[in-house]
Amino acid sequence: MASRQAKAPSSVEELLDNCRQLAGLSLADLARKTCSPLPVSPTHAKGWVGQQAEKFLGASAGSKAEPDFPELGIELKTLPLNANGQPQESTYVCHIQLMALNQQTWQQAWVNKKLQQVLWLPYEASKTIEYAKRKLGHAVLWQPSLSQAQQLQQDWEEIMEKLCMGEQQQLSAHHGQFLQVRPKAANAKALTNAYDEQGERCQTLPLGFYLRPGFTREILENSYLG
DNA sequence: TTATGATCATCG
DNA sequence: CGATGATCATAA
């Protein structure tokens with residue numbers, strides 16, 4: 001059995017069932033499951049856990065701008081936890097299309113669609129644990145609460161207003177309570193097309209939407225209560 | 001080049 | 001010492 005893409009789950013139950021098989025496994029176990037070698041240098045394999053999880057669970061492959069499980073409308077996100085069992089880092093949501101942000105509504109926004117339903121897969125990411133021995137946790141299927149959805153929308157509107165005015169130069173990660181904008185590029189010299197304040201085409205640093213650590217921390221904590 | 005998967009590493 | 005800005009890998 002060579003390394004291959006698993007079959008897509010046909011139901012939420014099947015997906016959650018597959019997730020239960022992962023709970024408690026180490027990253028070394030995960031590598032065995034997906035027939036993939038553990039990364040030699042984790043620093044240079046930042047997305048490895050997420051990519052193996054996609055592979056094992058049968059998420060749609062590659063870089064398509066679609067939910068990981070299109071049939072189910074579910075987005076899969078691994079969630080690295082620090083030594084205290086809490087999310088430490090922000091979570092990337094999606095790329096921002098600077099050339100096509102006019103007239104977008106929150107309902108239509110890609111970032112909103114992705115956050116309608118997310119399957120969070122927490123795992124130990126503390127550097128005090130040897131990489132191969134870090135364990136996967138129990139997956140949490142989440143949908144935003146009313147207040148979460150409202151705050152996300154508010155953040156999005158504040159950010160989009162600036163973007164639509166061509167003010168991406170003045171935008172920074174300081175904006176937004178839950179949702180923030182950060183660079184999303186190979187490096188600081190990368191450029192993509194956009195419009196400036198005068199509505200003229202220009203080139204600027206590519207951006208993406210991210211969720212602040214406090215937000216994912218809240219999601220995880222709430223899941224323990226349920 | 002644009003999208004995905006993210007974490008790294010420096011600064012305030 | 002947490003958040004911001006920068007960076008790494010891969011697919012199409």
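In what follows, every chain begins at residue 1, and chains take the letters A, B, ... in the order their sequences are listed. FYI, side chains are in, hydrogens and waters are out, and symmetry mates aren't considered; it's all heavy atoms of this structure.
- A/Gln116 and A/Asn112 share a donor-acceptor pair across their side chains, judged by distance under 3.5 Å alone.
- Atom P of nucleotide C/dA3 and atom CG of A/Leu171 are separated by 19 Å, given to the nearest angstrom.
- A/Leu205 has its CG atom 14 Å from the C1' atom of B/dT1, to the nearest Å.
- The side chain of A/Trp110 places an N or O atom within less than 4.0 Å of a non-bridging phosphate oxygen (OP1 or OP2) of B/dT4.
- Each of A/Thr91 and A/Leu191 has a nearest nucleotide on DNA chain B; the 5'-most of these lies closest to A/Leu191.
- No side-chain N or O of A/Gln154 forms a donor-acceptor pair with one of A/Gln150 less than 3.5 Å apart.
- For A/Arg182, taking side-chain heavy atoms from C-beta onward, the closest of the listed nucleotides B/dG5, B/dT4, C/dT4 is C/dT4.
- Within 4.0 Å (heavy atoms only), A/Glu75 reaches sugar-phosphate atoms of the nucleic acid but no base atom.
- A/Ile159 and A/Trp110 fall into different hydrophobic clusters, defined by Ile, Leu, Val, Met, Phe, Trp and Tyr side-chain heavy atoms under 4.5 Å apart, directly or through other members.
- Ring geometry for A/Trp142 against A/Phe215 counts as perpendicular: the plane angle is over 60°, on a 0 to 90° scale with 30° as the lower cut.
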*Mark up nucleotides 7-12 of chain C, 5' to 3', with B wherever a protein heavy atom is under 4.0 angstrom from a base atom, S wherever such an atom reaches only the sugar-phosphate, and - elsewhere.*
BBS-B-
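- Residue A/Pro206 is out of contact with every strand shown, counting any heavy-atom pair closer than 4.0 Å.
- Of the candidates B/dC8, C/dG2, C/dG5, C/dG5 carries the atom nearest the A/His174 side chain, counting heavy atoms from C-beta on.
- Regarding A/Lys127, its NZ atom lies at a distance of 7 Å from the C1' atom of B/dC8, rounded to whole Å.
- Residue-level contact check: A/Tyr123 touches the backbone only, with heavy atoms under 4.0 Å from sugar-phosphate atoms and none from bases.
- From A/Gln51, atom CD reaches atom OG1 of A/Thr78 across 9.0 Å, with rounding to the nearest 0.5 Å.
- The nearest heavy atom of DNA chain B to A/Glu66 and to A/Ser90 marks one nucleotide each, and the one closer to the 5' end goes with A/Glu66.
- Taking side-chain N and O atoms only, A/Gln180 has no distance below 4.0 Å to OP1 or OP2 of C/dG5.
- As rounded to whole Å, 16 Å separates atom C1' of B/dA6 from atom NE2 of A/His95.
- Side-chain N/O atoms of A/Gln168 and A/Thr204 include no donor and acceptor closer than 3.5 Å.
- Using a 3.5 Å distance cut-off with no hydrogens or angles, the side chains of A/Glu197 and A/Gln170 do pair a donor with an acceptor.
- Spacing between atom CD of A/Gln203 and atom P of B/dT1 amounts to 8 Å, rounded to whole angstrom units.
- Rounded to an integer number of Å, the gap from A/Asn193 CG to B/dT1 P is 9 Å.
- Going from atom OH of A/Tyr131 over to atom P of B/dA6 covers 11 Å, rounded to whole Å.
- Rounded to whole Å, the distance from CZ on A/Phe209 to P on B/dT4 is 12 Å.
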